[in-house]
2 protein chains.
Amino acid sequence: MSYNEKQVQIMETAEELFAMNGFGSTSVRQIADKAGVNLAMISYYFGSKEKLIEALVDYRMSHVRLTLENLLKDDSLTPLQKMNLLVTEYVDRIVQRHHFYKIMVTEHMLDKNSEITVKLLKMKQRNTEVLQQIISEGQQKKMFRKDVDIVMLMSVMVGTSNHALVNREFYRTYHKLEHLSEDEFITLLKQRVTEEIKAIFKAQLTYEG
Amino acid sequence: MSYNEKQVQIMETAEELFAMNGFGSTSVRQIADKAGVNLAMISYYFGSKEKLIEALVDYRMSHVRLTLENLLKDDSLTPLQKMNLLVTEYVDRIVQRHHFYKIMVTEHMLDKNSEITVKLLKMKQRNTEVLQQIISEGQQKKMFRKDVDIVMLMSVMVGTSNHALVNREFYRTYHKLEHLSEDEFITLLKQRVTEEIKAIFKAQLTYEG
DNA sequence: GATACAATTAAACAACTGTTTAATTTTTTT
DNA sequence: AAAAAAATTAAACAGTTGTTTAATTGTATC
């Protein structure tokens, strides 16, 4: 599916509002007003509010797919280097698309069996397969341990980075980093989160190092 | 503040619905119906929907405060033992009160400067102080490293355990644990998450071991 | 048993909800 | 330039929203 300029504008405005106020607390009129389009255009283009968020999910997920899978087929990299690359890419991505990932986290927590839950599950399965592949390679090359809980490692990576991002203002205050610009601070935080997860992965995957 | 039976019933029903459908997508009529009380009773007791969720937060937070702080003053425990105890207590708590912690996670992510954000910040500050105290003790006794990022460690613990809980069905399917009862499975998951975080803490805090 | 206060109710309130309609304008195709 | 298709609009739709009202019932206090 490809979207024209106005459709993208609506989706990105909705993304921001959903992330800031929650899906249920955001009205289509708010979206229309902020996006500067007529109210009826949302139904015209997307059909409904529910289908709008589904379109947003498709729109954001379509760009993700190819990035990693090709990068990780690189034969010149060791399994651990691939894991490190994966962590860097993931943290970069959720920082860059923090609005979108906020929405994903909230939707993930709701019990309803929506279209979005299905799309999320598919993405998780793809990501797990990539991870599985790297780890299997590391195990074959006797570099990684045999008893690795992949899903748990994903919880560490996804959970830690999400929380660190949501908790960023607390981090900033606690470490007295107010003198940094927003960009400088985010760069620093990103780096520290990445290093933290890499360290955990190394300790858990390899025979200590 | 103390609440009568009916007030508690309303708060706990609201808690379940907020966690399952989100705050914005839950109507006061749904809450009244499910709780078996008249619609007007919610305004009568709490004033508004917003104040209802604030009351819920107070209600749930009031029970938490004392548990840890006393346990951790125990002189017969080493700093590492205290950290392990803290992890166990935390994971236990969010599993037992998973509805409530779902709500906290979602509220934490919203940009609005609500009463709840303030309450959450205060709780975080108290928790950080407790953690700070244990770690300082470990550093004085030369058992813990000097360069420890407390806030990052909290992100690891909070983020990982939240995500593991939300992701539990994926974990169950991936590890083919469908034959376990819900209780058995949750007990297993809880144990694994606890062990995972303990291992990370040990590796990051001590001089390897 | 009267008085005062708390609890409960159904009904009403105005504002807002997502979505549709039907008319009009703009753009594209022929 | 005519015809067809797409985009845009203001207005209306019926249903839901959170909250309040005013009347009634229940329960203590004197």
Side-chain angles (χ1 to χ4, degrees), chain A residues 1-59 103 106-107 110-117, chain B residues 1-59 103 106-107 110-117:
Chain A
M1 193 61 78
S2 96
Y3 300 100
N4 65 38
E5 217 173 301
K6 205 154 215 167
Q7 287 172 315
V8 170
Q9 195 182 3
I10 292 170
M11 284 191 289
E12 295 187 344
T13 307
E15 179 182 49
E16 200 185 328
L17 288 170
F18 289 159
M20 288 191 342
N21 312 321
F23 178 77
S25 300
T26 304
S27 74
V28 290
R29 277 174 185 78
Q30 280 175 59
I31 301 169
D33 285 355
K34 182 152 193 175
V37 304
N38 187 280
L39 169 65
M41 292 307 290
I42 292 173
S43 293
Y44 178 72
Y45 276 134
F46 299 97
S48 69
K49 188 185 167 188
E50 189 63 39
K51 282 182 186 162
L52 167 59
I53 194 176
E54 288 169 22
L56 170 65
V57 173
D58 281 337
Y59 171 64
I103 299 171
T106 25
E107 282 294 315
L110 304 183
D111 281 354
K112 62 177 178 191
N113 254 28
S114 58
E115 282 289 319
I116 294 171
T117 317
Chain B
M1 193 60 79
S2 94
Y3 302 100
N4 65 39
E5 217 173 302
K6 206 153 214 167
Q7 287 171 314
V8 170
Q9 195 183 2
I10 292 170
M11 285 190 290
E12 294 187 344
T13 307
E15 180 181 49
E16 200 185 329
L17 288 171
F18 289 159
M20 288 191 342
N21 312 322
F23 178 77
S25 302
T26 304
S27 74
V28 290
R29 276 173 185 79
Q30 280 175 59
I31 300 169
D33 285 354
K34 182 153 192 174
V37 304
N38 186 281
L39 170 65
M41 292 306 291
I42 292 174
S43 293
Y44 178 71
Y45 276 132
F46 300 98
S48 69
K49 188 184 166 186
E50 189 64 39
K51 281 180 186 162
L52 167 59
I53 195 176
E54 288 169 22
L56 170 64
V57 173
D58 281 336
Y59 171 64
I103 299 171
T106 24
E107 282 296 314
L110 304 183
D111 280 355
K112 63 178 178 192
N113 254 28
S114 59
E115 283 289 319
I116 294 172
T117 317

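Heavy-atom basis, side chains included; hydrogens, waters and symmetry copies ignored.
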What is the per-nucleotide protein-contact pattern of nucleotides 17-24 of chain D, from the 5' end, where B denotes a base atom under 4.0 Å from a protein heavy atom, S denotes such proximity for sugar-phosphate atoms only, and - denotes neither?
-> BBBB----
Step-by-step side-chain contact (heavy atoms from CB on, under 4.5 Å) determination, A:E115 to A:V57 | CA-CA 10 Å; A:E115 282 289 319; A:V57 173; over 6 Å; no
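- Remark: B:E16 engages B:M20, B:K34, B:H99 in a side chain to side chain contact (heavy atoms under 4.5 Å, CB included) (not counting sequence neighbours).
- Summarising the geometry, the separation between CD1 on A:I31 and C1' on C:dC16 is reported as 15 Å, rounded to the nearest angstrom.
- Taking only side-chain nitrogens and oxygens, A:Y45 never comes nearer than 4.0 Å to OP1 or OP2 of D:dA6.
- In this entry the distance linking OH of B:Y3 with P of C:dA6 reads 18 Å, nearest Å.
- The shortest distance between side-chain heavy atoms of B:F46 and B:I53 does not fall below 4.5 Å.
- Considering only heavy atoms from C-beta on, A:K49 comes within 4.5 Å of A:F18 through its side chain.
- For A:D33 and D:dA10, the CG to P distance is 11 Å, given to the nearest whole Å.
- Residues that satisfy the side-chain hydrogen bond (donor to acceptor under 3.5 Å, both in side chains) test with A:S48, not counting sequence neighbours, are absent from this structure.
- Across the protein-nucleic acid pair, B:N4 atom CG and D:dA28 atom C1' stand 15 Å apart, rounded to whole Å.
- Closest heavy-atom contact between A:M11 and A:L52: CG-CD1, 3.9 Å.
- Of all the heavy atoms in A:T13 and A:A35, the pair that sits closest is OG1-CB, 3.4 Å.
- We find that CE of A:M41 is positioned 18 Å from P of D:dA11, with the value rounded to whole Å.
- Nucleic acid contact for A:F46: none, since no nucleic acid atom lies under 4.0 Å from a heavy atom of the residue.
- Put simply, CD on A:Q7 is 13 Å from P on D:dA6, counting in whole angstrom units.
- The separation between A:L52 atom CG and C:dT17 atom C1' is 15 Å, rounded to whole Å.
- Contact between the side-chain N/O atoms of A:N38 and the OP1/OP2 oxygens of D:dA10 is found at a separation under 4.0 Å.
- Between the CD1 atom of B:I42 and the P atom of C:dT9 there is a distance of 12 Å, rounded to whole Å.
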